[in-house]
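What follows is a set of notes on a single structure, which appears directly below.
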Amino acid sequence: MTAQLQKSKLAFIGGGNMAAAIIGGLATKGIDKKNIFVSEPWEVNRNKMSEIGVRTTQSNIEASQDADLLVIAVKPQVAKAVCQELAGAWAQRSTTPLIISIAAGITLESLRGWLKLADGRVPHIIRVMPNTPALVGEGASGLYADESVSLSEKDLAAALLASVSKATEWVDREEHIDVVTGLSGSGPAYFFAMVEHLIESATNLGLSKGQATRLAKQTCLGAGKMLVESTEEPAQLRRNVTSPNGTTAAALESFEASGLKNIVDKAVKAATNRGEELGKTLGQGDGLRACCLSFSFFIRLPQVLQRYFPLITVVPTLARDAYETVGAERGGGGRVWVDEHNTYGRVHQLLVSRESDSDRHGRRRFQLMLAVFPFEQRVFVRPQAS
Ligand SMILES: NC(=O)C1=CN([C@@H]2O[C@H](COP(=O)(O)OP(=O)(O)OC[C@H]3O[C@@H](n4cnc5c(N)ncnc54)[C@H](OP(=O)(O)O)[C@@H]3O)[C@@H](O)[C@H]2O)C=CC1
Ligand SMILES: O=C(O)[C@@H]1CCC=N1
């Protein structure tokens, strides 16, 4: 860790998964936790941060006040509001912090537009795509900065990421950050999914879940270590395991027959394209169009549903209630909503409760919530009265 990073005041706007991974990683690297200030609206996440020992607040402006370096760690669709709030509050500041945005897809052009101060000054911004293994000091991060950023600023950003990452790669074109997202930003999930499938397969073939889990995890770790420590290419390491006509060959032939290469290629492209799409949909210029489209979709969908499905009831309320419900349910361990990342960057949000509740006749009913800030509609789907 560089001396400059050690003495810098760091602010994180958003204390969710990725911020927790970076801060958790930093905390084990001897950084002074008093120099880290996190703003986070959700009490559960704020408490997690406090437990690490860093300072917390609900106010983005308070967290940013003395920051030398500020990490925007909110979801892409929140980035605009956060940036504009900060820019408004910094009008009186003679200097602004170096900004690191980890928001997938959100371009420098959008960030600059949103962070522009009233007097025309624009903070220096670096886009970074980290990944969650930062938590265990094994992150992989891609970085992009243009010529507006000084060498010492780049060094500071690199030092922050390097303290929780084993690979920090500067890319020389901004669009390559989307490729980094498709490779290493989202990448840990690909490996977790693979391990999930391995465990399930071995369990179906007779191993206990515990045995399968331990063997699969260690296989993943061992293979990962070999990839990092060996001088051999991945292809050679693969060949070293593969005896002619043996068991591995049988599995790899099956992979090939199922089109593994194509599957991976399509997945990485899908993630990369989604990053680009997020940037365009949520970006500076397209916001109004996206908002109009989403609003008309939002207004019309429940009516269409109701016309064809008379059992559906639509209950419009303020979105605030929806978010509070989600927060309470996530925290309180009650009903859980389908992975909120499904709603990621979408202009509307569709939250489906996993559990149904019952009406007064004891019949199960399912609830969908459709939300477009600042409105939300609840759609109750009930069974026919008997
Ligand atoms: N998760 C990952 O593996 C990676 C994520 N990223 C990027 O990191 C960013 C954060 O992702 P992730 O950590 O997964 O998301 P999370 O939802 O876990 O974290 C975001 C946090 O920001 C909070 N938040 C919401 N609105 C505001 C606001 N106005 N001001 C301050 N905080 C707010 C959220 O609170 P609440 O829940 O109450 O809304 C939430 O706790 C995203 O832009 C993503 O693209 C990049 C690389 C990897
Ligand atoms: O899924 C996402 O959009 C974020 C960005 C990279 C990893 N998680």
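Every number for a ligand or one of its atoms is a count from 1 in the order of the listing. Every heavy atom of this structure was used, including side-chain atoms; hydrogens, water molecules and symmetry mates were not. None of these values were measured; they are calculated from a predicted model.
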request  = May I ask which of E85, M18, Q77 has a heavy atom nearer to atom 48 (C) of ligand 1 than the others do?
outcome  = M18
task = Could you list which atoms of ligand 2 come closer than 4.0 Å to a heavy atom of G185?
result =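 By the 4.0 Å cutoff, the relevant atoms are 6 (C), 7 (C).
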Below a 4.0 angstrom heavy-atom separation, can you tell me which part of [X], side chain or backbone, both or neither, approaches ligand 1?
X	value
V78	side chain
T181	neither
A79	neither
N60	side chain
N45	side chain
A73	backbone

Just which atoms of ligand 1 are under 4.0 Å from any heavy atom in [X]?
X	value
V82	28 (C), 29 (N), 30 (N)
W42	38 (O)
M129	46 (C), 47 (C)

Looking only at distance, does [X] have an N or O less than 3.5 Å from an N or O of ligand 1?
X	result
T132	no
P41	no
A104	yes

Does the distance from a Lys or Arg side-chain N to an Asp or Glu carboxylate O, for [X] and [Y], drop under 4.0 Å?
X	Y	answer
E40	R46	no
D265	K269	yes
R127	D178	yes

Can a donor-acceptor pair be found between the side chains of [X] and [Y] at a distance below 3.5 Å?
X	Y	result
N60	S39	yes
T107	S110	yes
Q236	N240	yes

ask   = Does at least one non-hydrogen atom of A81 fall below 4.0 angstrom from an atom of ligand 1?
value =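 Under 4.0 Å: no for A81.
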key: Exceeds 12 heavy-atom contacts within 6.0 angstrom, atom CD of E200   = no
task = Evaluate whether atom NZ of K154 has more than 12 neighbouring non-hydrogen atoms of other residues, nucleotides or ligands under 6.0 angstrom away.
result = yes
message = According to salt bridge (Lys or Arg N to Asp or Glu O under 4.0 Å), who are the partners of R121, at least two apart in sequence or on a separate chain?
response =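 Checked R121 against salt bridge (Lys or Arg N to Asp or Glu O under 4.0 Å); matches are D119.
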For residues 242-249, which side-chain donor-acceptor pairs fall under 3.5 Å, sequence neighbours excluded?
from	atom 1	to	atom 2	distance (Å)
T242	OG1	R238	O	2.7
T248	OG1	V241	O	3.2

